[in-house]
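What you are looking at is a predicted structure, and each value in this text was computed from that prediction instead of being measured.
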Amino acid sequence: GNLVLQKFGWKRYQDLDFMIKDCCPDAIIVVVNSSSIKQVVIDCMKYKIPIVMETPVWDFDIPNKSKDLGVSVYVNEQTPFLPCEEFKMMLLETGLFGSVTVAMNDCRTFEYHGISQLRRYVGFEKSPIEVVGSSIPHYPVTYEDNNGNLQHHTEGWEFGTIKFNSGQIAVYNFSSIYNRAPFRKPRSMRIYCNKGTISNDDNDFEVHLLLSNGKTEKLDIKVDGAYMSTNRISTIVQGKIIVWEKKENLRDLNDQQIAVRNVLTKNLKAINENNQKEGYTSISAAIDVNLLFAIRNSSQIKKFIH
């Protein structure tokens with residue numbers, strides 16, 4: 001703690017009221033554990049200063065209270081803003097793939113993080129209107145995990161389908177052991193458009209584009225960098241060069257750190273411009289979490305009695 005304070009020239013405060021008076025901040029960033037974050041954010045709203053918080057937003061208490069008090073609250077959910085996600089959005093923004101019809105998380109990203117990725121493809125402004133879910137436990141034999149340790153515990157499968165007011169569909173499939181069990185492959189995030197399909201697992205891409213003559217082209221996606229330390233992703237689509245590239249002054253940051261920077265930059269821009277559409281709001285974060293709850297709860301509704 002002291003080394004960080006010395007390196008960045010920060011001050012440490014133990015009294016929140018004194019800190020606000022002493023610093024007169026433009027925004028408050030709240031990074032505490034998930035069990036405490038709701039109350040801390042609500043306590044900070046009394047200062048009427050924009051807040052940037054960590055995930056999760058468990059319910060709609062924070063966005064509702066922020067609306068009542070007129071305090072903007074943004075969330076640093078970095079998963080939809082990873083380099084591979086930014087590159088996929090660049091592909092979609094060319095317009096060559098047409099519109100997104102179905103977005104699918106096939107055991108790639110867990111819980112509300114994966115749902116936030118799906119919602120970015122569909123469009124954060126779209127409203128979910130229907131959720132259908134199912135879950136079931138299975139019992140795999142003992143297996144060696146990615147760290148070489150033997151594991152044996154229940155595998156929980158979750159399946160969910162989310163329909164939006166636009167008619168688009170998001171599909172969330174996940175297994176509780178998928179990311180640590182080497183025998184659970186493949187996995188992917190897939191975006192089905194009316195003129196193509198974009199699929200990836202991290203920087204392992206497979207992209208197909210429907211051409212005007214009815215034929216299909218498989219795009220060559222070039223990736224420079226190590227696992228979770230991407231430097232550049234590029235391709236050529238119908239003569240257009242699409243490139244995501246890490247800036248030179250950010251070379252020491254890994255993909256997760258780049259993603260945190262991306263969403264934090266968006267949130268601070270929203271604060272500076274007083275434009276919520278620029279940031280990832282607490283309403284969006286609450287929707288992500290509660291869509292996950294809806295998938296899990298809907299699986300408990302249907303009980304067949306004979």
Side-chain angles (χ1 to χ4, degrees), residues 1 3-4 7-8 10 27 29-34 37 51-57 74-92 103 105-121 124 145-147 172 174-182 184-191 198-205 221-234 243-270 278-282 284-285 288-289 292:
L3 290 176
V4 173
K7 180 176 179 179
F8 294 101
W10 293 347
I29 298 178
V30 179
V31 184
V32 297
N33 63 59
S34 58
I37 196 163
I51 297 169
V52 179
M53 62 178 288
E54 256 295 348
T55 63
V57 180
Y74 299 93
V75 181
N76 278 350
E77 169 57 78
Q78 78 267 21
T79 316
F81 304 100
L82 288 161
C84 60
E85 298 297 315
E86 297 284 76
F87 178 73
K88 286 187 287 184
M89 295 307 299
M90 293 172 75
L91 290 177
L92 292 176
N105 174 11
D106 191 8
C107 296
R108 176 59 197 88
T109 309
F110 71 104
E111 296 190 337
Y112 56 87
H113 305 292
I115 290 176
S116 67
Q117 287 177 309
L118 295 174
R119 287 185 57 239
R120 189 179 186 196
Y121 310 144
F124 287 129
D145 66 16
N146 295 321
N147 296 316
Y172 173 84
F174 203 77
S175 149
S176 60
I177 72 168
Y178 213 96
N179 284 341
R180 58 181 178 234
R184 283 286 181 249
K185 300 289 181 185
R187 60 185 187 179
S188 65
M189 298 293 294
R190 299 200 290 278
I191 311 171
I198 302 170
S199 176
N200 78 302
D201 177 11
D202 293 325
N203 287 339
D204 182 10
F205 287 90
I221 312 295
K222 299 184 183 299
V223 179
D224 172 46
Y227 173 70
M228 289 308 292
S229 185
T230 308
N231 293 323
R232 193 174 192 268
I233 311 173
S234 64
V243 179
W244 178 93
E245 192 163 21
K246 185 188 295 184
K247 294 179 180 179
E248 190 63 37
N249 63 327
L250 304 178
R251 287 287 175 175
D252 292 336
L253 300 185
N254 63 34
D255 287 3
Q256 288 289 341
Q257 291 166 332
I258 288 287
V260 170
R261 185 183 188 276
N262 288 344
V263 68
L264 183 57
T265 299
K266 288 177 181 292
N267 289 336
L268 294 179
K269 182 178 181 183
E278 291 289 344
Y280 189 82
T281 65
S282 61
S284 244
D288 293 339
V289 172
L292 179 68

Trace of the side chain to side chain donor-acceptor pair (under 3.5 Å) decision for E85 with Y121
CA-CA 9 Å; E85 298 297 315; Y121 310 144; 2.6 Å; yes

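- Among the candidates R190, R108, K88, the single residue satisfying the side-chain hydrogen bond (donor to acceptor under 3.5 Å, both in side chains) test with N200 is K88.
- Of all heavy-atom pairs spanning S175 and C107, the tightest one is N-SG, 4.0 Å.
- Using a 4.5 Å heavy-atom cutoff, the side chains of N179 and F174 are in contact.
- Proximity of V243 to R232: side-chain heavy atoms (C-beta onward) are separated by under 4.5 Å at one or more points.
- Rounded to the nearest 0.5 Å, atoms CG (L82) and CG (D255) are 6.5 Å apart.
- For the atom pair SG of C84 and CG of D204, the computed distance is 11.0 Å after rounding to the nearest 0.5 Å.
- For the atom pair R184 CZ and I177 CD1, the distance stands at 5.0 Å (nearest 0.5 Å).
- Atom CD1 in I51 sits 11.0 Å away from atom CD1 in I29 (nearest 0.5 Å).
- More than 12 heavy atoms of other residues, nucleotides or ligands shown are found within 6.0 angstrom of CG on N146.
- Residues K246 and S229 have side chains in contact (heavy-atom distance under 4.5 Å, counting atoms from C-beta outward).
- Residues S284 and F124 share a closest heavy-atom pair of OG-CD2, 4.0 Å.
- Within the 3.5 Å criterion, the main-chain N or O of Y227 finds no donor-acceptor partner in the side chain of N203.
- Contacts of F87 classified as ring pair (Phe, Tyr, Trp, His ring centres under 6.0 Å), with partners at least two apart in sequence or in another chain: F205.
- Considering only heavy atoms from C-beta on, R180 stays 4.5 Å or farther from N147 through its side chain.
- Not a single side chain to side chain donor-acceptor pair (under 3.5 Å) links D224 to another residue, sequence neighbours left out.
- No side-chain donor-acceptor contact under 3.5 Å links Y74 to the backbone of L264.
- For residues 257-266, there are no salt bridge (Lys or Arg N to Asp or Glu O under 4.0 Å) pairs, not counting sequence neighbours.
- Contact detail for S282 and V75: the closest heavy-atom pair is CA-CG2, 3.6 Å.
- Between A270 and G279, the closest heavy-atom pair is CB-N, 3.6 Å.
- The two residues W244 and E86 make their nearest non-hydrogen contact at CD1-CB, 3.8 Å.
- Across I37 and P56, no two heavy atoms sit closer than the pair CG2-O, 3.7 Å.
- No more than 12 heavy atoms of other residues, nucleotides or ligands sit less than 6.0 Å from atom NZ of K247.
- With sequence neighbours excluded, the residues satisfying side-chain contact (heavy atoms from CB on, under 4.5 Å) with N254 are Q256, Q257.
- Under the 4.5 Å side-chain criterion, counting only non-hydrogen atoms from C-beta, I115 is not in contact with N105.
- In this structure, the salt bridge (Lys or Arg N to Asp or Glu O under 4.0 Å) partners of R187, at least two apart in sequence or on a different chain, are D201, D202.
- Note: Y172 OH to L118 CG = 9.5 Å, rounded to the nearest 0.5 Å.
- Residues meeting the ring pair (Phe, Tyr, Trp, His ring centres under 6.0 Å) test with F110, sequence neighbours left out: H113.
- Once rounded to the nearest 0.5 Å, the distance linking CG of L250 with CD1 of I258 reads 4.5 Å.
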